[in-house]
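Worksheet: one structure, shown below.
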Amino acid sequence: MTRITSISLRRVLDSRGNPTVEADVLTASGGFGRAAAPSGASTGEYEAIELPPTEAIAAARRHAVPRLVDEVHAGNQREVDRALRGADGTENFSEIGANSAVAISMAAAKAGADVLGAPLYQHLGGAFRGDNFPTPLGNVIGGGEHAKEATNIQEFLAAPVGAPSVSEAVFANAKVHARASEILDERGVPAAKGDEGAWAPAVSDAEAFEIMDEAVSDVEDELGFEIRFGLDIAASEMFEDGVYHYGDETKTTDEQIDYVAEMVDEYDLVYVEDPLDENDYEGFADLTDRVGDRTLICGDDLFVTNVDRLQDGIDVGAANSILIKPNQIGTLTDAFDAVELASRNGMDAVISHRSGETEDTTIAHLAVATDAPFIKTGTVQGERTAKLNELIRIADDAV
Ligand SMILES: C=C(OP(=O)(O)O)C(=O)O
Ligand SMILES: [Mg+2]
């Protein structure tokens, strides 16, 4: 029986040292699931609302727990998530917090899988999932909102697209991360790390492109399979007064589109996330028109895992992929609906962590369950390796 018999909520630490919500779900037959909400720093304007954890927990205990315990089945994810939405009663989870909602939603999924005795990816994705693995996009150099005094572009992401296995891909990204550190040393540039464990040197974006290109080529030569790279520009964070700010320099929207298109061709970029402001569907469409045949243009802050915003994007041809972050929308059902809408329209769905994370591994299972081509979940650092190592275990049939 997957009937939920208890839900416990508590505050735990996230990787930035902030409190976040953890949920435990128990079922009638002893199934157990535990999950914790991640948290963004470069959050999109249209994301579901994250409440201070103490408030989110109190509100969820008051409104959600009584609507779920003894009422819904952890094995029926849509039923769980419908009850969460009903308990909250708002569009954006501003009553119980998307952090409480997503923790309960993911913990219920794990409890459902536990009762069935199936790995989470199989419970979520079905019996035919588990043969395809996402390529990990590994954050190697970064700045933006994730590190002070570093690059303007938020993330330079290694993409070992030719790796023969997920394990070799994971280790390839770690090698690129290590090689980037050596190159920075050779150039006499000290580098601390940003929130996701990427190097955060005080170099220009142009220099970061060079370092990334060199690191990727060196590791590609050493390992003998294709490694490319991509970006999360997180352009909404740079956009102010109608222009994009790169330190003291600015770019108009047309200049930004030209710049990104040039970088796609110069560096053979495989992936570009949020190249333009989160309200600029038209700019996204222009850029996708120009380079969408040879790279993924991915909407993160643009779509915020929201089917309505995704449909608006589909209508105008903005982007050819969507970033999926369950806490942007609040439940696994909503995240799955966004993946399905994307794939029905020929778009790729890329599963992603947040800059503030925990040891929770749900997104590794979600990526396998949804047959995602890429997962963005860092390169090194415990809360990132938790997901990467879980992918290796899934491939090894050891979960
Ligand atoms: C992971 C990201 O950062 P954050 O979690 O800060 O939004 C991102 O922008 O894709
Ligand atoms: Mg992003």
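One-based numbering, in listed order, for ligands and for the atoms of each. We number each residue from 1, following the sequence as shown. If you're wondering where the values come from, they're calculated on a predicted model, not measured in any experiment.
Electrostatic pairing of K175 and E222 counts as a salt bridge here, judged by a charged N lying under 4.0 Å from a carboxylate O. For K251 and E249, the salt-bridge test fails: no basic side-chain N is under 4.0 Å from an acidic carboxylate O. Of the charged side-chain nitrogens involved, at least one lies within less than 4.0 Å of a carboxylate oxygen, so that R34 and E22 count as a salt-bridged pair. With respect to D265 and R294, a salt bridge is recorded, a charged nitrogen being found less than 4.0 Å from a carboxylate O. For the pair E182 and R179, the salt-bridge criterion is met [side-chain N within less than 4.0 Å of a carboxylate O].
A continuous path of ILVMFWY side-chain contacts below 4.5 Å connects I297 to F239, so both sit in one hydrophobic cluster.
Contacts classified as ring pair (Phe, Tyr, Trp, His ring centres under 6.0 Å) and involving residues 262-320 (residues at least two apart or in different chains) are given here: F209-Y267, F229-Y267.
The tally of protein N/O/S atoms under 2.8 Å from the Mg ion (ligand 2) stands at 3.
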Return a table of donor-acceptor pairs under 3.5 angstrom between the side chains of residues 341-350 and protein atoms on other chains or two or more places apart.
from, atom 1, to, atom 2, distance (Å)
S343, OG, E340, O, 3.3
N345, ND2, L341, O, 2.8

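For a heavy-atom separation below 4.0 Å, the residues in contact with ligand 1 are G40, A41, S42, H146, Q154, E155, E196, D232, E273, D300, L323, K325, H353, R354, S355, K376.
Judged purely by distance below 3.5 Å, without hydrogens or angles, the side chains of T252 and D254 never pair a donor atom with an acceptor atom.
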